[in-house]
Amino acid sequence: MMNNRKLSLALTAAAMTAAMACVPVLAEEKLTVWTWDPGFNIYSMQEAEKIYQKDHPDFSLDIVEVSWDDTQTKLGTILSSGNYSELPDILLMQDFAFQKYVMTFPDLFVDFADSGIDFTQFAAGKTGASVVDGKNYGVPFDNGADVAVYRADILEQAGYTEADLTDIDWERFIEIGKDVKEKTGYSLFSTLAKSSDLVMQMVQSAGGTIWNEEGMPFFVGNEIMLKSIETYKELFETGVMATTNSWDEYVSTFTTGKTCGVINGCWIMASIETAEDTAGNWRVTNMPKLTGLDGATNYSNQGGSSWGITSNCSNLELAQDFLSATFAGSVELYETILPGCGALSTWIPAADSDVYSEPQDFYGGQPVYESITQFAANVIPFDTGIYYVEANNALATALTNICAGGDLEFELQNAEETIKFDMGM
């Protein structure tokens, strides 16, 4: 028979066991992230982790480097198997592919409806890339707002400054470009041959679309598309725009002084800055707008990515709070990663930071980061759709043929048919 002391100890132990059974087990404050580029995306996520740890010391990230190509391969395998347990908690997605994955696999990502994130604080042209049926599926990250960047010393030889190329249309741009080329021998900018990126940027800048209301490719009879292609062809034929056959050749045109400048997403500035001997000679402004079109603007976007939370997330509330407190709520984060890796924000409050307004010696003392954030705020949302890559490739082929003398309407009709074939129609 158990004595009183043993009985008391047994009852105490039983009570403690029962009490412990009633205590909820706290979810581990750890999230897994897939992303690429150690010097840019991974660095930025590591800095976000440090900032969140200030108020959540037990929080940690398991950041796995996965290239964009490998991300697509892994997603293909996981999604086809239906076993989502291999997915990370947070996943970085290229903006041009975000809608495709959400619409094709509606249970892949969790929307941010209950996250408390104020998406109006992001540039509308950026958030639009990850919005489907009015729901936000991505937290915007890096800025892809278009910039036009010119060599002030070359422009000066022809009697111009970047002010002459600010807030202008493509007609005036071509006039100046022809004059600059005649006086200096330089094209104003260059682009990759067999690419339709510039035309897509022109279409977006005027609030255009590449899809009709039924979701079919819309090239033939598309006024904004036609105007963009006509402008592109004139740039090509006048030599105001030089064309190159490879990325390395493209970059060398403006870093080695073969052209006066470049027009592309602001991430191109990292390539410009490799030409250290040209420091101080560069100036940044906005891109030209399409001539004679109501609603045309001097703003567009090329590239960029956003963070999504997968349906396999082990702690949804934690993941949402982490992204809300960092990429959607921390000026300090953007102040850190801007000088650290050149990552520019599309989160509008970051533009009020002193770091963003600091003059940059490389660009003649211009506060270029503040300007680019303002550019991003003016970008019109653009529906990339599920088959954006296919549309981009088909249009690139059409542009090459048109510039070689092909019939515009025939080439656009052929491009539409090619996209429909890719869509399985």
* Asked: Can you tell me if CG on Asp277 sees more than 12 non-hydrogen neighbours from other groups inside 6.0 Å?
  -> yes
Hey, can you pull the donor-acceptor pairs under 3.5 Å for the side chains in residues 333-340, sequence neighbours left out?
| unit_1 | atom_1 | unit_2 | atom_2 | d |
| --- | --- | --- | --- | --- |
| Tyr334 | OH | Phe327 | O | 2.5 |
| Glu335 | OE2 | Ser353 | OG | 2.6 |
| Thr336 | OG1 | Glu332 | O | 2.9 |

* **Positive for side-chain contact (heavy atoms from CB on, under 4.5 Å) with Thr291, one of Asp169, Ile168, Ile174** => Asp169
* Asked: Do Lys126 and Asp95 meet the salt-bridge criterion of a basic N to acidic O distance under 4.0 Å?
  -> yes
* With sequence neighbours left out, what residues match Tyr52 under ring pair (Phe, Tyr, Trp, His ring centres under 6.0 Å)? -> His56, Phe59, Phe322
* **Side-chain ion pair, Glu230 and Lys233, N-O less than 4.0 Å** => no
* Asked: Please, which pairs that meet ring-ring contact (aromatic ring centres under 6.0 Å, His included) have at least one residue in residues 386-425, sequence neighbours excluded?
  -> none
* To do: Keeping to residues at least two apart or across chains, list the ring-ring contact (aromatic ring centres under 6.0 Å, His included) pairs with something in residues 233-268.
  => Trp247-Tyr250, Tyr250-Phe254
* Among Asn378, Asp167, Asp146, Thr166, whose side-chain hydrogen bond (donor to acceptor under 3.5 Å, both in side chains) with Asn286 holds? -> Asp167
* Structure fact -> Exactly one candidate in Asn298, Thr231, Thr297 meets side-chain contact (heavy atoms from CB on, under 4.5 Å) with Leu290; the answer is Thr231
* Closest approach of Ser305 and Leu92, non-hydrogen atoms and distance? -> OG-CD1, 3.6 Å
* To do: Kindly determine whether Ser196 and Asn392 satisfy side-chain hydrogen bond (donor to acceptor under 3.5 Å, both in side chains), including the steps that lead there.
  => CA-CA 6 Å; Ser196 65; Asn392 197 308; 2.6 Å; yes
* Structure fact -> Contacts satisfying salt bridge (charged side-chain N to carboxylate O under 4.0 Å, His left out) that involve residues 99-115 (not counting sequence neighbours) are Lys100-Glu390
* Of all pairs that satisfy side chain to side chain donor-acceptor pair (under 3.5 Å), the ones with a partner from residues 150-162, not counting sequence neighbours -> Arg151-Asp153, Tyr160-Asp179
* Could you tell me whether a side-chain N or O of Ser187 sits under 3.5 Å from a main-chain N or O of Gly239, the two making a donor and an acceptor? => yes
* If we ignore angles and hydrogens, is there a donor and acceptor under 3.5 Å between the side chains of Ser67 and Asp69? -> no
